[in-house]
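Treat the numbers as computed from the prediction; the structure is a model and nothing was measured.
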Amino acid sequence: MMRNLLGRGTARAALVLWTLLAVVPFVLILLLSVRSNADIYLNGLGITGKILPGNYARAWQGSAGTAGLTSYFSNSLIAAVTALVFNLGAGVTAAYFATHLSDRSRIWFTRLFVSSTVLPIVLMIVPYYQAFNAFGLLNMPVVIGIAYGALALPTTVLIMHSFFVDFPVELLEAAALDGTGAWRTYVRIVLPLAKGAVTAVAMLTLVFVWGETQLGVVLLQSGESQTVPVGLLSFQGQYTTDQGALFAGLSLASIPIILLYLVFHKNVTKGIALGGVFK
């Protein structure tokens with residue numbers, strides 16, 4: 001009895017600690033977002049100092065010579081939607097039809113995407129820039145959205161492939177007996193039943209696209225084309241940084257992802273659990 005109580009207490013303490021590790025940084029960002037530069041330098045936690053809500057107005061309007069968060073949010077939305085359409089359209093479809101391959105071909109298919117996950121983005125920055133520059137595709141949020149969707153393909157394919165491996169074969173056989181073709185079965189039967197896993201990989205892709213900076217700094221050089229994380233870098237000058245507006249911008253940039261996760265968190269956790277085991 002005591003052992004069970006101790007086990008439950010330890011588990012709850014671990015969950016509380018994990019929650020604090022996730023919540024405390026965001027609370028500190030909120031505190032720093034309403035402080036002046038002087039207060040932030042005097043107290044790095046933002047606990048003391050005068051409250052300056054005008055930091056949010058400066059963050060939304062942007063620093064001098066920049067487009068502001070209105071433009072940054074629009075560009076991030078364009079890049080995110082493009083990445084999701086490309087990533088889910090190609091990744092989920094490839095993961096499903098790969099389960100119909102022979103065992104040998106399916107193993108090589110999964111190995112290809114597993115090997116792709118170990119390639120860091122920093123190694124691809126120069127090739128991406130050379131290709132985008134050669135075809136005149138710099139400063140285009142739609143095009144960089146396609147690049148983001150391609151970079152997130154390995155994760156999508158591996159999670160969805162693990163999900164589809166255990167998909168009920170009886171449903172597919174019943175559809176085939178009714179004369180339903182492979183594509184129609186996929187669209188009308190498989191996808192509706194896989195919405196939990198699809199939502200999970202969509203959220204993972206969205207989080208990656210919304211926060212990616214390394215590639216965006218190189219491929220989105222004009223202020224009018226920059227996404228939120230790239231545009232926020234404009235608050236950092238060579239000699240000074242508007243710390244309060246920067247943290248205010250970080251707070252505003254976090255809101256869409258947090259709201260989406262609160263709405264779809266059950267689908268995300270369930271989808272990861274169903275497709276998270278590599279087979």
Looking at [X] and [Y], would you say the former's side chain and the latter's main chain have a donor-acceptor pair under 3.5 Å?
X: Q130; Y: N133; result: no
X: N139; Y: S222; result: yes
X: Q226; Y: V228; result: no
X: E212; Y: G216; result: yes
X: T205; Y: V201; result: yes

Might you confirm whether atom OH of Y41 has over 12 heavy atoms from other residues, nucleotides or ligands at distances under 6.0 Å? yes

Heavy atoms only: give me the nearest V209-A83 pair and the separation to one decimal. CG2-CB, 3.7 Å

Where is the tightest heavy-atom contact between L191 and V92, given as atom of each residue plus distance? CD2-CG1, 3.9 Å

How many angstroms lie between atom [atom1] of [X] and atom [atom2] of [Y], to the nearest 0.5 angstrom?
X: F163; Y: L193; atom1: CZ; atom2: CG; answer: 7.0 Å
X: I257; Y: L206; atom1: CD1; atom2: CG; answer: 4.0 Å
X: I144; Y: L138; atom1: CD1; atom2: CG; answer: 9.5 Å

For R106 and H161, what are the C-alpha separation, side-chain angles and deciding distance, and is it a side-chain contact (heavy atoms from CB on, under 4.5 Å)? CA-CA 10 Å; R106 189 166 60 84; H161 180 267; 3.2 Å; yes

Show me the side-chain donor-acceptor pairs of residues 29-36 shorter than 3.5 Å, one per line, residues at least two apart or across chains.
residue	atom	partner	partner atom	Å
S33	OG	L30	O	2.6
S33	OG	Y56	OH	2.6
R35	NE	G46	O	2.8
R35	NH1	G49	O	2.6
R35	NH2	G46	O	3.0
R35	NH2	I47	O	3.3
S36	OG	D39	N	3.3
S36	OG	D39	OD2	3.1

side-chain contact (heavy atoms from CB on, under 4.5 Å) evaluation trace for V190 with F164: CA-CA 9 Å; V190 176; F164 287 134; 3.3 Å; yes

Stepwise side-chain contact (heavy atoms from CB on, under 4.5 Å) check, L158 with T117: CA-CA 10 Å; L158 293 175; T117 60; 4.1 Å; yes

Start with the C-alpha distance between F86 and Y148, add both sets of side-chain angles, then the distance that settles ring pair (Phe, Tyr, Trp, His ring centres under 6.0 Å), and finish with yes or no. CA-CA 9 Å; F86 178 81; Y148 286 155; over 10 Å; no

Checking side-chain polar atoms at under 3.5 Å, does N75 have a donor or acceptor matched by the opposite partner on T227? no

Does a donor on one side chain sit under 3.5 Å from an acceptor on the other, for T70 and W60? yes

Parallel, tilted or perpendicular for W210 and F73, by the 30°/60° rule? tilted

Report the residues that fulfil side-chain contact (heavy atoms from CB on, under 4.5 Å) with S105, sequence neighbours left out, ordered by chain and then residue number. L101, S102

For the ring pair F97 and Y186, is the centre-to-centre distance below 6.0 Å? yes

Check the pair M203 / Y261 against side-chain contact (heavy atoms from CB on, under 4.5 Å), numbers first and verdict last. CA-CA 8 Å; M203 282 298 302; Y261 181 77; 4.1 Å; yes

Name every donor-acceptor pair, under 3.5 Å, that has one atom in a side chain of residues 14-22 and the other anywhere in the protein, sequence neighbours excluded.
residue	atom	partner	partner atom	Å
T19	OG1	L15	O	2.8

With heavy-atom distances below 4.5 Å as the criterion, would you say the side chains of L69 and L232 are in contact? yes

